[in-house]
Engineer: 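Take a look at the following structure, please.
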Amino acid sequence: MNNALGYMGEQNMLFAIMLIMGFVGIIALFFALFTPTRWQVPYSVEIIFAAVIAIVTFGGALVSQKTVNEYWADVPNMDELSKISGKVTIDQGADKFDKVVSAYLFQWGFIFINPDGSATRNALSVKPGERVLVHVLSNDVIHGFQIPVVGLTTEVDPKAVRSTWFKAPKKPGKYLIQCMDYCGIGHHQMKAWLVVDDGSDDDDEKQGAQG
Amino acid sequence: MSSQYEYHKSLKWQPEDMLSGITLKQLITSSDARLLGIKGMLLAMIMLGIGGAMAMTMRVELMQPGIQYIESKPFINAVTIHGLIMVLAFSVPFATSALYFILPQTLGLKKMEMSWAAHMSFLSLLIGGVLLFISRPDFTWSFYAPLSLRVATDMIWMAHIAIILVGISEFLGGFPLIATARAWKKKSGGKWSDMPLSGWSALTGGLFLVLSAPALSVVGVYMLTDYLELTALFDPARGGDALTFLFMSWFYGHPAVYLPLVPLVGVLYHMLPRLLGRNLWSHKSGVYAFTLMFVVGFGVWVHHFQPNFTIHSWVNFFFQFMTMLIIVPSSLHVFNWVATLWQGPISPEARVSIPFKFVCGAIFMIIVGGVNGYINGNIAVDTSFIHNTYWLPAHFHAMFLGFIGMMAMAVFYFLFPYMTGRRFNQGLANLHFWIWLPGIFAQVMLMFWLGMNYFPRWVVDYLPLPEWVTGQFWLSIAGFANGIGFVIFVINVVISVRNGEKFEGDPWEFPDTSSSSSATSPKPAE
C-alpha cells in the first residue's frame with residue numbers, strides 16, 4: 001500500500017492497534033474454548049476492557065482528525081468553492097500547489113482541464129513529485145475519484161465541487177485512476193491514467209509501473 | 001436474573017412436530033408466534049438461496065478478468081438482487097422471525113402481542129420481493145439517486161414501490177417485539193433490567209426497526225415521485241440534491257445493519273446458557289451493551305458517504321467519534337460471550353453439537369469483522385483506500401455472512417428439533433460447518449487483501465493486474481465452497497424433515513459436567 005497523503009506512519013499505527021485487538025479477541029476465544037483452565041473473569045476486567053477500548057477509539061479519532069485537518073489546511077476554502085459550483089476557475093488555490101487542474105467526471109470517463117486551458121480525456125499528465133490540486137466535479141450522477149498509487153479516494157456528488165490534492169509519484173510511469181462509486185453499467189470502464197512525465201523523450205520506459 | 005439457566009430449564013423446551021399435518025393455510029394464517037417464526041425463517045432461507053445463486057453467478061464471471069459469460073447489465077442486476085435480497089429479505093426477516101419463535105416462551109408468556117403486525121410485515125415483504133424481481137433493478141442495493149432515477153427499465157417504478165413496502169414491512173415487524181417485551185413487564189411486574197436478554201434484544205431491536213424503517217419508506221416515496229417527475233428532491237438536474245438522498249437513505253441504512261444483528265445477539269444470549277448448561281457471565285453487562293448500542297447506533301450513519309465539503313468539520317468529527325464508539329457496546333457483547341465460555345467447563349456433548357459450533361464460528365467472525373471497524377471509522381484512512389474498494393464488502397461480509405449467516409444456521413439447527421420433532425443429520429451438518437468456517441474466513445480475508453490493493457466494487461471486468469487476478473480467482477473458489485455448504489444444508493433439511501429420527505426430551509440439555517474439565521475436543525459421535 002502506498003500513501004502519498006503523508007500519514008502512512010499514523011495509518012500503520014491504527015493498523016497495528018486493529019491487529020492487536022483482533023488477535024487478543026481471537027486468542028481469548030481459543031483459550032475459552034480449548035484450554036483446561038477455567039477462569040471466572042472478574043467484573044473489574046470488563047470495566048478496564050471497556051475503558052481501554054474507549055480510550056483507544058477516541059485516540060484513533062483524534063489522530064485521524066489531526067491528519068485530515070493537516071491535509072485540508074492548504075486547500076482553498078470549501079464554502080467559497082461550493083457556492084460557485086460548476087464555475088471553478090482553474091487557478092483557485094494555485095499559490096500553494098505546483099499544478100491546479102479540474103476533473104470533470106461523467107458517465108463514463110474523466111476530462112481533465114489543465115492550467116493552460118487545454119483538456120485531456122482520461123489522462124492527467126503531471127511531473128514527478130509535484131503537488132497537484134484537483135477540483136473534482138460530476139455532471140450527472142455520484143462518482144468516485146481514486147488514484148491508488150497515491151492512496152486518494154474522493155466521492156463526488158453532482159452539483160458539488162470537491163477539491164482534493166495529492167503528491168505525484170517520483171517514478172515516471174502510467175498509473176491508474178478509477179471511479180469508485182457505482183455510476184451505471186459502464187462503471188467498470190471508467191478509468192483514466194495518471195501519466196507521470198519527467199520531460200525526457202524516452203516514452204518506452206513509461207509503460208512499466210501500473211497502479 | 002441470577003439463575004437464567006434454572007429459569008430456561010423450567011420452560012421445558014420439548015421437540016415438537018409442528019409441521020406435519022399442518023396445511024399451508026394454517027401456516028400462513030396462524031398467529032402462533034412459533035408458526036410465524038417458521039414462516040418468516042422459511043421465506044428468508046428461500047431468499048438466501050436466491051441471493052446465493054446471484055452470488056455464484058457473479059463469482060463465475062469474476063473468476064477471470066474480461067467479460068466471459070454475462071454482460072455488465074445482467075451482472076449488475078445480479079449484484080443488485082444479491083445485495084437487496086441478502087440485507088432486506090434474508091438477514092432482517094430471518095433475525096426477527098427467529099426472535100418471534102423463541103420470544104414468548106423465553107419471556108414466560110403464552111403468546112406474542114400484536115401478531116397481526118407480524119402477518120402484515122410478512123405479506124408486505126413478500127409483495128415487495130416479487131415486485132423487486134419483476135423490475136430487475138440495476139442500481140445496487142444502496143440505490144444512490146440520481147442514478148436510481150435514470151437507469152430505468154420501464155418497470156423500475158416497481159422497485160421503488162418494493163422499497164416502500166420493505167420499509168413498511170420492517171416498521172410493522174418491530175411492533176410485536178416491543179409489545180411482547182412490554183407484556184413481560186406487565187405480567188412479571190419486575191424491573192426492566194431483570195428482563196431476559198432476549199427480551200432486551202426484542203426491545204432495542206424493535207425500536208431500531210420502528211424508528212429507522214420509516215426513513216426507507218420515505219426515500220422510496222420520494223424516489224417514486226421523482227421518477228414520475230412530480231418532485232425533484234433527489235435529482236440535481238432538476239434542482240434537487242444527491243446529498244439529501246444520502247442523508248435520508250443512510251439514516252435508515254446504518255441502523256439497518258443492527259436490525260439483523262440485535263435480534264440474533266439476543267438469540268445467542270438465549271442459546272449459550274442452554275447449550276453450556278450454566279448461566280451467562282453477566283446479565284447486566286448485556287443490558288448495558290444493548291442500551292448503549294441502541295443509543296450510539298442512531299448517531300453514526302453519515303460514515304457511509306463522504307460529505308466532507310458541505311458540512312462543518314466538527315460534524316465529521318462527531319460522526320467519526322460515534323462510529324468508533326460503537327465498538328464499545330459491540331465488544332461488550334463479545335466479551336460477555338467469551339467470558340461465559342471461559343468461566344466453566346464445556347461438556348463434550350455441547351462441544352460436538354452443531355449449534356454450538358456455529359455459535360463459536362459466529363463469535364470468531366464477529367471479532368474478525370468487528371475490529372476492522374476501528375480502521376473503517378477513520379476519515380483519514382477512509383479517504384485512502386477503504387471507501388468502496390473491496391475492503392468494504394470484506395467488512396460487511398464478515399459481519400453479514402460471518403456473523404449473521406453463521407448465527408442464522410446456528411439458530412436453524414438449534415430450532416430444528418422444536419419445529420419438526422426430529423433430529424437433523426449430524427454428519428451433513430458437520431460437513432456444512434467445516435466447509436463454511438474456512439470458506440467464509442478465506443473469502444473475507446481475500447476481500448480484505450483485494451481491498452488493500454484498491455480493487456473497486458461493482459465491476460464486471462477488471463484490469464489483469466497480478467494481485468487482482470489471483471485474489472479474484474481464489475475468492476471465486478471460496479465463494480463456490482460456501483455455495484456447496486449451503487446446498488449441503490438444504491439437502492440435510494430436506495432429508496431430515498422426512499426421515500430424521502424422532503425423539504423425546506430437550507435435545508440441547510446436556511448433563512452437567514462441572515466436575516470434569518475436559519479440554520480435548522472429542523470427535524463428533526456420529
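Below, chains carry the letters A, B, ... as their sequence lines are ordered, and counting in each starts from 1.
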Engineer: For chain A, which of B/Met324, B/Glu71, B/Arg457 has the most heavy-atom pairs under 4.5 Å?
Structural biologist: B/Met324

Engineer: Please classify the contact between B/Ile76 and chain A as side chain, backbone, both or neither, with a heavy-atom cut-off of under 4.5 Å.
Structural biologist: side chain

Engineer: Of all the heavy-atom pairs spanning A/Gly151 and B/Tyr454, show the shortest one and how long it is.
Structural biologist: CA-OH, 3.2 Å

Engineer: Of all the heavy-atom pairs spanning B/Ala242 and A/Asp157, show the shortest one and how long it is.
Structural biologist: CB-CB, 4.4 Å

Engineer: Select one option (side chain, backbone, both, neither) describing which atoms of B/Phe75 are under 4.5 Å from chain A's heavy atoms.
Structural biologist: neither

Engineer: Let me know if A/Val45 has heavy atoms under 4.5 Å from chain B in its side chain, its backbone, both or neither.
Structural biologist: both

Engineer: Answer yes or no: does atom OH of A/Tyr43 have more than 12 heavy-atom neighbours from other residues, nucleotides or ligands under 6.0 Å?
Structural biologist: yes

Engineer: With the side chain counted from C-beta on, respond yes when A/Thr153 and B/Phe385 share a heavy-atom pair under 4.5 Å apart, and no when they do not.
Structural biologist: no

Engineer: Please classify the contact between B/Ile67 and chain A as side chain, backbone, both or neither, with a heavy-atom cut-off of under 4.5 Å.
Structural biologist: side chain

Engineer: In terms of heavy-atom proximity below 4.5 Å to chain B, should A/Val56 be classed as side chain, backbone, both, or neither?
Structural biologist: both

Engineer: So, for A/Tyr182 and B/Phe139, which heavy atoms are closest and what is the spacing to 0.1 Å?
Structural biologist: CE2-CA, 4.2 Å

Engineer: Judged by atom type as modelled, is there a donor-acceptor pair below 3.5 Å linking the side chain of B/Ser72 to the main-chain atoms of A/Gly186?
Structural biologist: no

Engineer: To the nearest 0.5 Å, how far apart are CG in B/Leu332 and CD1 in A/Ile47?
Structural biologist: 10.5 Å

Engineer: Could you state the interatomic distance from OG1 (B/Thr383) to CD (A/Glu155), rounded to the nearest 0.5 Å?
Structural biologist: 12.0 Å

Engineer: Do B/Phe455 and A/Gln178 have side-chain heavy atoms sitting under 4.5 Å apart?
Structural biologist: no

Engineer: Nearest 0.5 Å please: distance from the OG1 atom of A/Thr57 over to the CD1 atom of B/Ile326.
Structural biologist: 11.0 Å

Engineer: Before giving the answer on side-chain contact (heavy atoms from CB on, under 4.5 Å), spell out for A/Gln40 and B/Trp281 the whole-Å C-alpha distance, their side-chain angles and the decisive distance to 0.1 Å.
Structural biologist: CA-CA 8 Å; A/Gln40 177 70 43; B/Trp281 176 71; 3.7 Å; yes

Engineer: So which atom in A/Met18 and which in B/Ile375 form the shortest heavy-atom distance, rounded to 0.1 Å?
Structural biologist: SD-CG1, 3.2 Å

Engineer: Parallel, tilted or perpendicular: which fits the ring planes of A/Phe31 and B/Trp342, with parallel below 30° and perpendicular above 60°?
Structural biologist: tilted

Engineer: If you count heavy-atom pairs within less than 4.5 Å of chain A, which of B/Val338, B/Val368, B/Ile363, B/Asn378 leads?
Structural biologist: B/Asn378

Engineer: For B/Val334, is it the side chain, the backbone, both, or neither that has a heavy atom closer than 4.5 Å to a heavy atom of chain A?
Structural biologist: neither

Engineer: Where do A/Asp140 and B/Pro146 come nearest, in terms of heavy atoms and distance?
Structural biologist: O-CG, 3.4 Å

Engineer: Nearest heavy-atom pair of B/Ala339 and A/Val41: which atoms, and what distance?
Structural biologist: CB-CG2, 3.8 Å

Engineer: Atom SG in A/Cys183, atom OH in B/Tyr144: separation rounded to 0.5 Å?
Structural biologist: 13.0 Å

Engineer: Quick one, A/Val68 with B/Gln320, criterion side-chain contact (heavy atoms from CB on, under 4.5 Å). Give me CA distance, side-chain angles, the key distance, then yes/no.
Structural biologist: CA-CA 12 Å; A/Val68 168; B/Gln320 175 178 254; 5.5 Å; no

Engineer: For the interface with chain B, which of A/Lys191, A/Met180, A/Gln189 has the highest count of heavy-atom pairs at distances below 4.5 Å?
Structural biologist: A/Met180

Engineer: Pick one of side chain, backbone, both or neither for B/Thr323, based on which atoms fall under 4.5 Å of a heavy atom in chain A.
Structural biologist: neither

Engineer: Quick one: pull up CZ in B/Phe317 and CG in A/Leu62 and give me the separation to the nearest 0.5 Å.
Structural biologist: 4.5 Å

Engineer: Apply the test side-chain contact (heavy atoms from CB on, under 4.5 Å) to residues B/Leu147 and A/His143: give CA-CA distance (whole Å), side-chain angles for both, the deciding distance (0.1 Å), then the verdict.
Structural biologist: CA-CA 10 Å; B/Leu147 181 79; A/His143 287 288; over 6 Å; no

Engineer: With a sphere of 6.0 Å drawn around CZ of A/Phe106, does it hold more than 12 non-hydrogen atoms of other residues, nucleotides or ligands?
Structural biologist: yes

Engineer: Between B/Phe356 and chain A, which part of the residue has a heavy atom less than 4.5 Å away: side chain, backbone, both or neither?
Structural biologist: side chain

Engineer: Please identify, among B/Tyr462, B/Trp391, B/Trp337, the residue contributing the most non-hydrogen atom pairs under 4.5 Å to chain A.
Structural biologist: B/Trp391

Engineer: Heavy-atom cut-off 4.5 Å, strictly under: side chain, backbone, both or neither for B/Ile386 against chain A?
Structural biologist: neither

Engineer: Using a 6.0 Å cut-off, check whether atom CZ of B/Arg136 has over 12 heavy atoms from anything other than its own residue.
Structural biologist: no

Engineer: Is it true that A/Glu46 and B/Ser285 share a donor-acceptor pair across their side chains at a distance under 3.5 Å?
Structural biologist: yes

Engineer: Is it the case that the side chain of B/Arg351 and the backbone of A/Leu33 share a donor-acceptor pair, with hydrogens and angles ignored and the cut-off at 3.5 Å?
Structural biologist: yes

Engineer: Heavy-atom cut-off 4.5 Å, strictly under: side chain, backbone, both or neither for B/Phe335 against chain A?
Structural biologist: side chain

Engineer: Do B/Leu341 and A/Leu29 have side-chain heavy atoms sitting under 4.5 Å apart?
Structural biologist: yes

Engineer: OG/B/Ser384 to OH/A/Tyr71 distance, rounded to the nearest 0.5 angstrom?
Structural biologist: 10.5 Å

